[in-house]
Amino acid sequence: MSPFLSPKGAKVMKQPNKILIMGVTASGKSALAFELAKTLNAEIISVDSMKVYKRMDIGTAKAPLEKRSVIPYHLVDVVEPSEAFSVDQFLALTEKAVTDIHGRGKPVVAVGGTAMYIKALLHGLFQGPGSDETIRQTLKNRASEVGLVKLHEELTQIDPAAAERIHPNDEKRIIRALEVFELTGKPISAFQTQWDAAPNSDWFVIGLRRDKQIENSRMNARVKRMIEDGLKEEVENLLAEDKPLSKQAAAAIGYAEMIAHLNGDMELDETVERIKINTRRFAKSQRTWFKTFPNVHWIDIKETDTVQTVLQQTLDLLDSVR
RNA sequence: GGGUCGGUGCCCGAGUGGCUAAAGGGGAUGGGCUGUAAACCCAUUGGCGCGAGCCUUCGCUGGUUCGAAUCCAGCCCGGCCCA
């Protein structure tokens, strides 16, 4: 069924060469991506804000080295756990990786569940300044001194449109809006326009979903496995490193809770429970995002499905658009 | 057997005569999200109704009262102490 099995090579050219697989955590997207990449002779780009961190393997459910030696994986293990990482870096690295992979004449299979990265991939990011820690810190200090409401009022003065959109309690967004204004003299709302229209991207988006109960039990099983595989030891090792974990890395699900446990704040049982709960919440917000993405080709995975049958459905989908 | 503290909404927990469908937290659900996003923010959470509102709820049964989750009596269940 796959065009690559077809004797007529011409069809291969019409195959989408940028495929994005998304789904909630533990939905099985990584397994599918691997099989699909093998079948299409593609390379994989991870769309995941935590797999970028080196030595954070178990808790981020990173593909094992064996798989990564079969298929090239991009955007995995690209920064130190002590470093910050954010969407703009993700986008830049991804654009470069796509160019490189296509340069080798291979298709790209992107997989991941970091919704904002997906959004940025499909829509792009506004052309404006990045973050400025000094400004942020100053604004943060001011917020605790004069109150966040005051900052929100200031935002209303300089950028009524943004102030309207941003809730008075939403410190991060208020600060970012003020930061952009300080850096450019222009309101952030003047920049943020590229999400208004439909995405003008050539990604072929495939979404994986299952019955919510089943998704939940898969998450629980995964958390259990992470513990068995030594998540605690992994976190201990990370904490023993010379440089402390960056804010982002330390906030990762599985890590934040385990750090609290190692600090003596929680029993292990409770820690595991917290990880499960936070994983579920994470999935919930992923679903909320996914609902807003247009042009997603959803595959509803049944209990009787296997990686192979899901792969076949994926190939059929790809065929159908040729 | 005696004493004592307690039994509140899915869970924990405050409330100790009317302002109480009942604080707060957790969980769950829905939503938002453009450079920290696995972060962060908002809303809903007894039932019915668009709504004014109606009905049911604070272990059970009965009582006091214009009015009870709140006071009284009996009973059931749990913790602790004494036998």
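In what follows, chains are A, B, ... by sequence order, proteins preceding strands, each numbered from 1. Only a predicted model underlies this, so the values are computations on that prediction, with no experimental measurement involved.
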Using a heavy-atom cut-off of under 4.0 Å over every strand shown, decide if A:Q192 touches base, sugar-phosphate, or nothing. base
On a heavy-atom basis, which atom in A:P107 and which in A:A42 lie closest, and how many Å separate them? O-CB, 3.1 Å
Which residues, if any, of residues 209-223 of chain A bring a heavy atom under 4.0 Å of RNA chain B? A:K212
Which nucleotide of RNA chain B is the first, and which the last, in the 5' to 3' direction, to come under 4.0 Å of a heavy atom belonging to chain A? B:G26 to B:C42
Any Lys/Arg nitrogen of A:E80 or A:K54 sitting under 4.0 Å from an Asp/Glu carboxylate oxygen of the other? yes
Between B:A22 and B:C54, how far apart are the P atoms? Round to whole Å, please. 14 Å
Any donor-acceptor pair under 3.5 Å from A:T292 side chain to A:T288 backbone: no
Identify the two heavy atoms, one from A:I174 and one from A:P168, that lie closest to each other, and give their separation to 0.1 Å. CD1-O, 3.5 Å
Mind checking the C1' distance from B:G59 to B:G78? Whole angstroms is fine. 11 Å
Which residues, if any, of residues 130-148 of chain A bring a heavy atom under 4.0 Å of RNA chain B? A:G130, A:S131, A:R136
Check every strand shown and say whether A:R165 touches a base, only sugar-phosphate, or nothing at a heavy-atom separation below 4.0 Å. sugar-phosphate
Decide, yes or no, whether a salt bridge links A:R287 with A:E215 under the criterion of side-chain N to carboxylate O below 4.0 Å. yes
Atom of A:A84, atom of A:Y53 and distance for their closest heavy-atom approach: C-OH, 3.8 Å
Please enumerate all residues that pass side-chain contact (heavy atoms from CB on, under 4.5 Å) together with A:P294, with sequence neighbours excluded. A:P199
Please give the distance between the P atoms of B:C58 and B:C66 as a whole number of Å. 23 Å
For A:K96, give me all partners under side-chain contact (heavy atoms from CB on, under 4.5 Å), at least two apart in sequence or on another chain. A:D100
Atom C1', compared across B:U61 and B:A28: separation rounded to whole Å: 35 Å
Which part of the nucleic acid does A:Q194 contact within heavy-atom distance under 4.0 Å: base, sugar-phosphate only, or nothing? base
Donor-acceptor pairs under 3.5 angstrom involving side-chain atoms of residues 108-133 of chain A: please list them, not counting sequence neighbours.
| from | atom 1 | to | atom 2 | distance (Å) |
| --- | --- | --- | --- | --- |
| A:T114 | OG1 | A:S49 | N | 2.9 |
| A:D132 | OD1 | A:T134 | N | 3.0 |
| A:D132 | OD1 | A:I135 | N | 3.1 |

Assign each of A:N169 and A:F126 the nucleotide of RNA chain B bearing its closest heavy atom; nearer the 5' end lies the nucleotide of A:F126
Are side-chain N/O atoms of A:N237 and A:E241 paired as donor and acceptor at under 3.5 Å? no
Less than 4.5 Å apart, any side-chain heavy atom of A:P16 and any of A:L318? yes
Residues A:G254 and A:V235: closest non-hydrogen pair is O-CG2, 4.5 Å
Stretch residues 272-284 of chain A: residues that reach within less than 4.0 Å of RNA chain B through a heavy atom: A:R274, A:I277, A:R280, A:R281, A:F282, A:K284
Given Watson-Crick and G-U pairs under 3.5 Å, RNA chain B in dot-bracket ([ ] crossing, | other strand) is ((((((((.[[[..)..(.....]]]((((((.......))))))(((....)))...[[[[[..)....]]]]]))))))).
How about A:R281 and A:Q286: does a side-chain donor come under 3.5 Å of a side-chain acceptor? no
Under the rule for side-chain hydrogen bond (donor to acceptor under 3.5 Å, both in side chains), what residues qualify as partners of A:D77, not counting sequence neighbours? A:K62, A:R68
Please measure how far the C1' atom in B:U65 lies from the corresponding atom in B:C10, and state the result in whole Å. 34 Å
Could you give the distance separating B:G47 and B:A23 at their P atoms, to the nearest angstrom? 14 Å
Pairwise P distance, B:C5 and B:G9 [rounded to whole Å]: 22 Å
Check: A:D88/A:S86 side-chain N/O donor and acceptor closer than 3.5 Å: yes
Under a 4.0 Å heavy-atom cut-off, which of residues 50-62 of chain A touch RNA chain B? A:M50, A:G59, A:T60
When we call it a touch if two heavy atoms are under 4.0 Å apart, what does A:F90 touch: a base, just sugar-phosphate, or nothing? nothing
In residues 76-86 of chain A, which residues come under 4.0 Å of RNA chain B by heavy atom? A:F85, A:S86
Does the side chain of A:Y73 pick up a donor-acceptor pair with the side chain of A:E43 at under 3.5 Å? no
Salt-bridge test for A:R55 and A:E234: reply yes if a basic N is under 4.0 Å from a carboxylate O, no otherwise. no
Show the nearest heavy-atom pair for residues A:I45 and A:V98, with the distance to one decimal. CD1-CG2, 3.6 Å
Looking at A:P81, is its backbone amide N or carbonyl O close enough to the side chain of A:S246 to form a donor-acceptor pair, meaning the two atoms are under 3.5 Å apart? yes
Which is true for A:G254 with a 4.0 Å heavy-atom rule: it touches a base, it touches only sugar-phosphate, or it touches nothing? nothing
Could you work out, with ring pair (Phe, Tyr, Trp, His ring centres under 6.0 Å) as the rule, every residue matching A:H102, not counting sequence neighbours? none
C1'-based separation of B:C42 from B:C80 [nearest Å]: 45 Å
Atom CD1 in A:I71, atom CD in A:E66: separation rounded to 0.5 Å? 13.5 Å
Per nearest nucleotide of RNA chain B, the residue lying toward the 5' end, A:A251 or A:D196, is A:D196
Side chain of A:D48, backbone of A:M50: donor and acceptor closer than 3.5 Å? yes
